[in-house]
Structures are given as C-alpha cells and as structure tokens.
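Each chain gets a letter, A, B and so on, in the order its sequence line appears, and its residues count up from 1.
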Protein chains: 2
Amino acid sequence: MNKPENITIDTIAEKAGTSKMTVSRVLNNHPYVKSKTRSKILSLIKKFKYHPNLTAVNLSRQSSQTIALVIQYEHLFTTYYFTEILQGIEKMVDEYSYNLVILNVTSQEEEDVERITSWYFGKFVKGFLVLAPPQNSVLVKKMREADVPFVLIGASGGFKGSSFVDVENYTGAYKAAKYLIDLGHKHIGFIAGPPERGDAREREAGFRQALADTKIPVAESLVVCGHYKEDLGYQAMLQLLIQPARPTAVFAANDLMAKGAMMAIKESNLQVPKDISLVGFDDIDTAAQLVPPLTTVKQPMFRLGTEAANFLIEHNPEDSKPLHLVLPTELIIRESSSRRWHF
Amino acid sequence: MNKPENITIDTIAEKAGTSKMTVSRVLNNHPYVKSKTRSKILSLIKKFKYHPNLTAVNLSRQSSQTIALVIQYEHLFTTYYFTEILQGIEKMVDEYSYNLVILNVTSQEEEDVERITSWYFGKFVKGFLVLAPPQNSVLVKKMREADVPFVLIGASGGFKGSSFVDVENYTGAYKAAKYLIDLGHKHIGFIAGPPERGDAREREAGFRQALADTKIPVAESLVVCGHYKEDLGYQAMLQLLIQPARPTAVFAANDLMAKGAMMAIKESNLQVPKDISLVGFDDIDTAAQLVPPLTTVKQPMFRLGTEAANFLIEHNPEDSKPLHLVLPTELIIRESSSRRWHF
DNA sequence: TAGTAATATGTTACCGGTATCATAAAAGGT
DNA sequence: ACCTTTTATGATACCGGTAACATATTACTA
C-alpha cells in the first residue's frame, strides 16, 4: 500500500542533486541550464510523472493564464453560432498557451454575479468574455462597476462604455431587406428575434429602415416575433400565411427561424422561392444544406471569437482604451430568394 | 493615479488590528471569534472590497473544490440533451459549493490529453465528468492509466472498469420496437446513430432484438445511418421512402433524427402516423411540440447529471469502488405512432 | 595569463492564504 | 479566591512554485 507520495519540484530537485530553481528553469525553458543537467532532470520528471502544481505556479506568478467565457446555457441552442465563435476563442487561447473555462449564467443573473466575479477576484482568471448578454444585464453592470476586465461578444448595443466585438447587424439586415425590395417585393414579412437582445433589435431596425428608405410602409401585421427559435419561426410563419395579404417575401432575424419558416411554407404547399422568398441571418452550417439553400446574411463568427479573446489576453484593463470592434456582414445569395412574379 | 493596492488578508488584519488568522476565521465562519471582532472585520472586508485569493486558498488547503466537464463542442448539437444534464450537474455543484469548468476536447483527442489531464495534475480540479466519449476514446484510456478520477456520462459500453452513469439504451430501444410491433407493424425502419458511439449501438441492438424475439426479420435495407443529426435523419427517411416495400413504422435512434424524418415524410405528402408511425429517443423539449407530438423514449437526463457529479465530488478514487449506474428509460406514447391500418 | 563576459546554479524571500499549536482572556465551579 | 474549562487570538510553519539577486564556473579576449 505504498502511498503515492506527492511528487513536487523538491522531489525532482533532490533526486537530481540540484536546487529546485534549476528544475524550475528546466520547466520554463530557461536557456541557462547545462544540457546534461537539463536532460537528467527531464528524465526524472518523466520517471516520476511529475506535474507542476498549477495552483502554486499561479500564486507565485500572480497571474493565471486563464480566461473565462460566460454564457447562458439555456440560450445555447438559439445562439447557434456559438461553436464557431468558440473555435475562434480557442484558437487564440491556444496561441497564447492560455486556458479557457466556460461558466454558466442563468437568467437570474443576480444570483450568479458573485460566483462569477469571484473567479476574477480570486485571481483564477484574467478576465471574461461574455457572450450575448441581455441588454439590461446585471452581471455586466456589476462587472463594470467593479472594474472587472471583460469583452462582450455580440452585444454592442447597451454597453457603449465597455469593450465589445460585434457584427453589423443593422447594416446586414438593411442589405437583406434592400435586396428583397430590389427584387420587386413590396409585401415583406419579418420574423423578429427576442426584443431583449440588442442584435435582434438592430436587425429589426435595419429591416424597417430599408423599407422606410424606399417608401414602403411596414405592415405591422407582417412583423411577428420568433425569439430566435426554430419552432417559433415555424409558428410565426404560419401566422404570416393566414394574413389576408400574404407576404411575397419573408426576412427572418436568424437562420434557425428561417428554417422553421421554410418548413411551414412547405407544409402549406407553397414553394420557396416561387411563392415566397425567404432570407435568414447568421449563415449557420445548415443554411446551405436546406432545400432550397437559404439566402442569408453571413457573420464572421470565427473572427468574433479571435478578436475578443485576443484583446482580453493582450490588454490589461488599466492601460488601454476599451475595444469597440464591429465587423462587417455579408449577404450570401442562394436559392431561397427570387424576383417577385405574382402580384 | 492611486494604484489600486492589492487588498489581501493582511490588509484587513492590519486595519482591524488583529492577526490575519482571526480574519481567516471570520472568512471561514469559525465559531471562536468575538462577535464584535467579527462584525468589525466584516465591515472592513466590505469597505475594502476584499476577496480572498482563491489560488492561495487552494494551495494552502491542497484541494480545489472544482470539477471539470469534458465535452466535444462539435457534438454539442447532436448531444442535444446536453443542457439538461448540465443543469443536473450544476445542481450538485451548487449544493456542495463547488465550481464547474467546461473543457473542450476535439476529435483529435491525442492533442488534448495533456492539456486536459494537467488540470488534474496541476491540482486545479478534483476530477472530470466526461460526456459521451467515443468508444475508443484515447482520453479515457489515458485517464484510466494515469489514475485520474473521472465519471463517464452516457458511455457505459466500452469502459467497464471505470465509473459511469448511463441509461438503459438497450431496454429503451427494445421497448420502443416492441411497442411498434404490438401495434401490428411488421415493416419497421430504423435510423441509426453514429456507430462509434456506444449508446447508438445499444439502441440498435435493442431494436434488433425486439424484432428477433418476435420472429420478424430485419430488412437491412430498412436500417440506415443518420449519425444523430437532424438533416441526416431527413436524408435517411427519404432513403427509406424510396424502398420498394416502404416501412409502415420508423424508429429513429434520437429525436433530432426523428424530427428530420418527420419533415421528410410530410414533404412526401404522407401523414404521421396514418401512413407511417414514428418513434424517437431522448424526449428532447421539442419532441412534444412537433406536429404531431412525437412518441419517444425518455431518458432521465437531469438525474444523469446529478448522479455523476455527486459521485465525483463525494468519493475520492482510492477508497471506493467505481460507480456503475444505469438508469431506466420510459416509453412516452404521443401521437406520432398508431396501429397499422394498411398493408 | 589575468581580466572580463557569458553561462550555470544556488539562496533567500515571497505569493496569500490555512493548519497547528501555544497562549491569553473570560466564564464557570467549588 | 483559586483552579478548570471554554472561548478568543496570536505565532509560526507550510503549501509549491517563481523572482531577484548572489555566486560559481566556464569561455573568450587582449
């Protein structure tokens, strides 16, 4: 029953007959170590399966090499683009040899504030990336008050004083709506996202402005809310279809709802785009795989992740101005949209 | 430019005119502190916004109060039930005042092994919950070799020696298939999950056994693979529909594929369940919201999370036997399935 | 070959808490 | 009033590393 002794840096130093400082130098690739000493130590490390105690390392270095991503798990499936952003984040985190942890925040943010910020105050993490917080986020408010370093992802709207990366929701939506108008559509439906989210509001604003700019009145009966969810997009579309003056084109504030809408259209024995043109937003993976492939507004999601992570890691909050980065969106024209044929 | 001094336990002790030990006692609710002293210290803590350095606490206590959940982000959307499991985990984690971090593992597991296990070796986490690893998981293999504490969630199949929680995939699938058979169906299609996953194989085995037990031959042309993905479920169903002898019932190995399948059926102008009965597996949120609501096999996902987390937190690996817990599944009969009418 | 620079290693203090043991003060018992 | 408990607080060492500085060794230069 030999107790698996705790192997520390001292163990290795002793076996190697050196001071622990030399071992530390080997661990950190310091140049001033004789190659013979180095290899001896390395083999001992292997032999004893030594792993440095990261807690001790962090305490000593007074830094953590870790950042946290705060997300609302419940939203995971409506923030469908999540994985791509995450991949962007991970890329940066890898490049800097950082670590990433993911922390959950519920819709009762108040209860989570303490738990989450203590990761920073307790010196566990250098700062936070906050994914798409609601406009009135208590968490963000508290973080700002307490000078916690953070970068918001996709929530430029309500937090002008803080660092954020976001995409041109307004312009993207404007372009999409304008595109439909240019195709001859005058009766355009809109399936909106959740009103508490800034991006959703911007997209709606862009849509409305495009119509306004071309003197097309917005029929309020053609604007319905789908909260970014597929099944609610389906429901919303059904609602649009029973309108006395059915729209000839529909713009959904995200692809997931567009997908639901497409299903509803098909089930009503109508065709996309012959009877109804359909445009989405996000360009999620499945957008191109739908039948017909979905015309949509593409966001540079991967880059959203890299930029946010890069800033958080590179800049310490005292010495730099907040990051305000808004990336362009691009209209991807596929086969779900076409010129208006019927009246 | 007053530098925001680092507030430590010593700062508070000094201001309070006590030793830092007394402050430490206050922080940890030790009874032997005069209430006057306690309240004085508490007010100073508040005044100076003192937060204990968790890194120091952990180093001193030689423990971390943190567990990690390892998931493959890429799978996030096929492991749809993820959020419910997560909520179960978080419940336990909260109860024990633990912390949870989520770590990503890619499909190139080899590259992640070191990064992930170092969270344990570096004393950052007490152990791991591994969500639905592939059957030949390198990560799990290495963890076992290195005596890293972990609990697998939903992967009992390939890892008999390790701790796991899982559900009765085999029995659940058997029940579903048997149910369809009892409804008079003899021509039953099966949409399978990814063959590298144990649960998918068990579900297929249960399906096959039910047919075997009732002397119904399995038509291999009616078994197609959909890899747990919605759009592949759609494709798979289309394939089943062009078979010379169309199935009168289809069992999909998860709800997501069942959903895709339902779409395919509707688009082919057939009706569920009149023309084809449809049964899924998982009972995800949307299952009940489909039109018609989906008959499916419900898994106790929340409990899967609580049990796994509870075991990992409560038991240290040396002193206890591995956990082998298999929770029952339940057939939820809704409206997507009915007696066979036509031949 | 001494003198200086570059390389290699060691010493000490410190990061910010907690555990353990010692000691002081207050409370209780006779 | 004296002794024993209980309560309250302090002193010291320690957790496992790293930073900064000191010292020893080797290599190069004139």
Would you say A:Lys126's side chain and A:Ser64's backbone share a donor-acceptor pair under 3.5 angstrom?
no

Using only atom types and a distance under 3.5 Å, with no angle test, would you say the side chain of A:Asp112 pairs donor to acceptor with the backbone of A:Val105?
no

Please check this pair: side chain of B:Ser163 against backbone of B:Val151, looking for a donor-acceptor N/O pair closer than 3.5 Å.
no

Roughly, in whole Å, what's the span from CZ in A:Arg61 to P in C:dA13?
22 Å

Non-neighbouring partners of A:Phe121 that pass ring-ring contact (aromatic ring centres under 6.0 Å, His included), sequence neighbours left out
B:His51

Say whether, by atom type as modelled, one donor and one acceptor occur between the side chain of A:Ser24 and the main chain of A:Lys20 under 3.5 angstrom.
no

Looking at the base of D:dG16, is there any donor atom on it, or on the side chain of A:Thr8, that sits under 3.5 Å from an acceptor on the other one?
no

How large an angle, rounded to 10°, do the end axes of the helix from C:dT1-D:dA30 to C:dT30-D:dA1 enclose when each is built from five base pairs?
40°

Just checking B:Glu314: does its CD atom have more than 12 heavy atoms from other residues, nucleotides or ligands closer to it than 6.0 angstrom?
yes

Any A:Asn28 side-chain N or O less than 4.0 Å from OP1/OP2 of D:dT18
yes

Find the distance A:Lys20:NZ to C:dC14:P and express it as a whole number of Å.
14 Å

Any B:Gln62 side-chain nitrogen or oxygen under 4.0 Å from OP1 or OP2 of D:dC14:
no

Side-chain contact check for B:Thr22: nearest option of D:dG10, C:dT9, C:dG17 is D:dG10

Donor-acceptor contact below 3.5 Å, side chain B:Arg115 vs main chain A:Asp94
no

B:Gly17 or A:Met21, whichever maps to the more 5' nucleotide of DNA chain D
B:Gly17

What is the distance, to the nearest angstrom, from the CG atom on A:Leu27 to the P atom on D:dG17?
8 Å

With sequence neighbours excluded, what pairs up with B:Val326 under the side-chain contact (heavy atoms from CB on, under 4.5 Å) test?
B:Phe164, B:Glu168

Separation of atom CZ in B:Phe124 from atom C1' in D:dC15, rounded to whole Å
15 Å

Roughly how many Å is it from CD1 in B:Ile12 to P in C:dG16, rounded to a whole number?
13 Å

Whole Å only: how far is the CD atom of B:Gln65 from the P atom of C:dG17?
16 Å

Quick check against the 3.5 Å criterion: does B:Ser60 have a side-chain atom that pairs as donor or acceptor with the backbone of B:Ala56?
no

Without swapping roles, check the side chain of B:Glu196 against the backbone of B:Pro134 for a donor-acceptor pair under 3.5 Å.
no

Taking 4.0 Å as the cut-off, does a side-chain nitrogen or oxygen of A:Ser19 come that near to OP1 or OP2 on C:dG10?
yes

A:Asp10 CG to C:dG10 P, straight-line distance once rounded to whole Å:
13 Å

Between CG of B:Leu59 and C1' of C:dG17 the distance, given in whole Å, is 8 Å

Could you work out, with ring-ring contact (aromatic ring centres under 6.0 Å, His included) as the rule, every residue matching B:Phe311, not counting sequence neighbours?
B:His315

Does OP1 or OP2 of C:dG16 have a side-chain N or O of B:Asn6 closer than 4.0 Å?
yes

Would you find more than 12 non-hydrogen atoms of other residues, nucleotides or ligands less than 6.0 Å from B:Glu14 atom CD?
no

Any side-chain N or O of A:Ser24 less than 4.0 Å from the OP1 or OP2 oxygen of D:dT18?
yes

Within residues 29-40 of chain B: residues closer than 4.0 Å to DNA chain D (heavy atoms):
B:Pro31, B:Tyr32, B:Val33, B:Lys34, B:Thr37

Residues of residues 47-56 of chain A with a heavy atom under 4.0 Å from any atom of DNA chain C, listed by number, are none

